[in-house]
Number of protein chains: 2
Amino acid sequence: MTIKNEIPNCEYCFVKNDIFRHLTKDETDVLAYVKNCNTYKKGETIYSENNRVAGVYCINEGIVKHYKTGTEGKEQIIRFSKKGDIFGFRSIISGDLACTTAKVIEESTICIIPATHFIKLIKDNSGFAMSVMKLSCKELGFANKYILDIAQKNVRERLAEILLLLHTNFGVNPNNYLKISLTREELAGIVGTATESVIRLLSEFKKDKLIELDKRQIKLLDITKLKRISESY
Amino acid sequence: MTIKNEIPNCEYCFVKNDIFRHLTKDETDVLAYVKNCNTYKKGETIYSENNRVAGVYCINEGIVKHYKTGTEGKEQIIRFSKKGDIFGFRSIISGDLACTTAKVIEESTICIIPATHFIKLIKDNSGFAMSVMKLSCKELGFANKYILDIAQKNVRERLAEILLLLHTNFGVNPNNYLKISLTREELAGIVGTATESVIRLLSEFKKDKLIELDKRQIKLLDITKLKRISESY
DNA sequence: CGGGCAGTTGACCCCGCTCAAGCGCGGTGG
DNA sequence: CCACCGCGCTTGAGCGGGGTCAACTGCCCG
C-alpha cells in the first residue's frame, strides 16, 4: 500500500458515488481534507475478516473482492466493488468487526474516510444518511436473492447467472471479453462450488457456443441462452 | 386480518424496539396516532414478494416468517421476526418491491407505520436513522454469513446450526422444548434442503441423543455436540 | 367415514466433490 | 541460457451426499 501524492479531489471526483451528491460544498471540502488516499497492488488486503475497519473506503479506480473464509479455508466471495463504489460502512455502522476480507484484484486507488467523520456526516446530513441506508438495503436485497440461488439452483444455473452478473456489472473490453479477469478458483468461490466443476462447466458452455474462452478471458456469445439456463428452464 | 380495537400504546409499549427509544415524546405521540394495528391469524400473508409494502411493521406479539419462492415454488426462508422486531423497512427505504413474502406462523398483533411517516422520522431524527441503519447492517451481516454456510456446509451441519439458532432466538417453553414450532417442510426451507433430508437427519440426531422429538416439538439435549456438528469438526 | 395433509421410510440414482495425474507457462536461480 | 519449480488449469475416475419418487401411516377435519 502506497500513499498517493496526487489525491483525487472530492469536489470534482468523476467517480463520485450518489451518496456524496447530498453533501454541501462545505461538507465536501472538509471531506476532501480529512480523507486519505492510497494505491493498492493486486493481491493486497485492505482489511481482514474479524478485524476492525479503519473507515469507509471509496474506490477511485480498481476492483476489490469481498470474501468470507470457510472452515476449510475456502473463500466464498460475497461481492465485488469497483470504481465509484464505497465499502466498509457495514462494519462502521453496525459497530461489529469486518465480516469479510477485502482484497484488491485489480490495482486500485482508494480513498479512506475516517469512521468518526463518516458517522458525523450521517448524523448531520439526513439526505446522506438516507442514501447510505438505501445502499445497505440494496445490498441486503442482493444477499437475500443469493441465498435463494445458492440454496435452490444447481451449479450450472448459478455459473450462468454469475457470468451474466459479471457482464452487467463490469462490462466488456473492446474485444468483447469480460473486463473483470478472475481465476477459475475465484469463479468457484463466487458460485460456491469446486474449481474443477467450474472448469468442466465452462468448457461445456464453450462447446455449446454460449461463451468463448481465451486463458482467463471470457466472452459471452449467447446471452439469451445463458439467461435461460440461469433461470433453470 | 382484523383491525384491533385496543391498540398497543407506543409510549408504554413493552416490546419497544431499540430504534424507537430515540424518538422524542412528541414523535412518539404522533407515531401512536398515525400508526395502525392489526391481528393476523396463522397462515395469513402480510405482504407478498414483488408487491408494494404498505409501511414498516412492528410486531407486538407473534412470529412472522420471511421467505422467497424459488423457480419450482419451493420456499426459502430467509429469516423470522418476533415480538419487538420491525420489518418491511428494506423495501420502504430502497424503494424496491418486497423481496420476500411475510407470512404469519403464530397468531400476531402487528402495528403498521405508514411508509411516508417512517421516512419522515428518519429525516427528522438522526438517532432514529442511525439505529435503523444499524439494523439493516446487522441483517446484512447475517445474510452474508448465511451465504457462506449454505455454500460450504453440508445439510447435517446446517441443520444443527439452525436448531441452535432457533434455540437462541426463540428460547424454550417450560418443558424445555423450542418455543417456535415449525413443520418439517419449513425446517427444510430454512436449511435449504428437501423435507425428507430434514426428517432423516432429525431422527439421526434423536438416535444420537442430541435432540428429543415430540411431534412438531423439538428439545435440544446436547448443545455442545450440536455446536461441534454445526462447526464441522 | 373418507379425503387430505404432514410425517416417515425405503429405493434409486445423479450431481458434484475429491483425489490424482498431467500439462503449460512464467519466474528464478545456477 | 537452460533447468527446475510451482502455480493455475485441465481431465479422468470414483463415490457418496442428498435429491427425487413412491408407498405407507397417522391424524385432523369436514
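These figures come from a predicted structure and were not determined experimentally. Lettering follows sequence order; numbering is per chain, from 1.
- For Glu107(A), there are no salt bridge (charged side-chain N to carboxylate O under 4.0 Å, His left out) partners at least two apart in sequence or on another chain.
- Of the residues in residues 146-156 of chain B, those with a non-hydrogen atom less than 4.0 angstrom from any atom of DNA chain D are Asn154(B), Val155(B).
- Take Arg156(B) and apply the side-chain hydrogen bond (donor to acceptor under 3.5 Å, both in side chains) test, not counting sequence neighbours, and it matches Glu204(B).
- Remark: Lys65(B) engages Glu75(B), Glu186(B) in a side-chain hydrogen bond (donor to acceptor under 3.5 Å, both in side chains) (not counting sequence neighbours).
- The interatomic distance linking Glu204(B) (CD) with dT8(C) (P) rounds to 14 Å, in whole Å.
- Applying the salt bridge (charged side-chain N to carboxylate O under 4.0 Å, His left out) test to Lys82(A) and every residue at least two apart in sequence or in another chain returns nothing.
- Every residue two or more places apart in sequence or in another chain that forms a side-chain contact (heavy atoms from CB on, under 4.5 Å) with Lys206(B) is listed here: Ile211(B), Leu213(B).
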Throw together a table of side-chain donor-acceptor distances under 3.5 angstrom for residues 170-178 of chain A, partners on residues two or more places apart or in other chains.
from	atom 1	to	atom 2	distance (Å)
Asn175(A)	OD1	Tyr177(A)	N	3.1
Tyr177(A)	OH	Glu212(A)	OE2	3.4

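- Ring geometry for Tyr47(A) against Phe87(A) counts as tilted: the plane angle lies between 30° and 60°, on a 0 to 90° scale.
- Sequence neighbours left out, the pairs with a member in residues 90-99 of chain A that pass side-chain hydrogen bond (donor to acceptor under 3.5 Å, both in side chains) are Ser94(A)-Asp96(A), Asp96(A)-Lys138(B).
- As a whole-Å value, the separation of Leu201(A) CG from dC15(C) P is 11 Å.
- Here Ser203(A) pairs with nothing under the side-chain hydrogen bond (donor to acceptor under 3.5 Å, both in side chains) rule; sequence neighbours left out.
- In terms of phosphate contacts, Arg216(A) brings no side-chain nitrogen or oxygen within less than 4.0 Å of OP1 or OP2 of dG8(D).
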Enumerate donor-acceptor pairs with a distance under 3.5 Å from any side-chain N or O in residues 189-196 of chain B to protein atoms, sequence neighbours excluded.
none

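- Ion pairing between a basic and an acidic side chain is recognised when a charged N comes within 4.0 Å of a carboxylate O; Lys145(B) and Glu161(B) show such pairing.
- One interatomic measurement links the two molecules: CG of Leu213(A) to C1' of dG24(C), which rounds to 16 Å at whole-angstrom precision.
- For the contact set between residues 193-200 of chain A and DNA chain D, defined by any heavy atom under 4.0 Å, the members are Glu196(A), Ile199(A), Arg200(A).
- The distance from atom NZ of Lys207(A) to atom C1' of dT10(D) is 15 Å, rounded to the nearest whole Å.
- If one axis is set at each end of the helix from dC1(C)-dG30(D) to dG30(C)-dC1(D) from five pairs, those axes are 30° apart, to 10°.
- Computed from coordinates, the Leu202(A) CG to dT11(D) C1' distance equals 14 Å when rounded to whole Å.
- Nucleotide dT25(D) holds its P atom 18 Å from the NZ atom of Lys215(B), rounded to whole Å.
- Between Glu157(B) atom CD and dG17(D) atom P the separation is 11 Å, expressed in whole Å.
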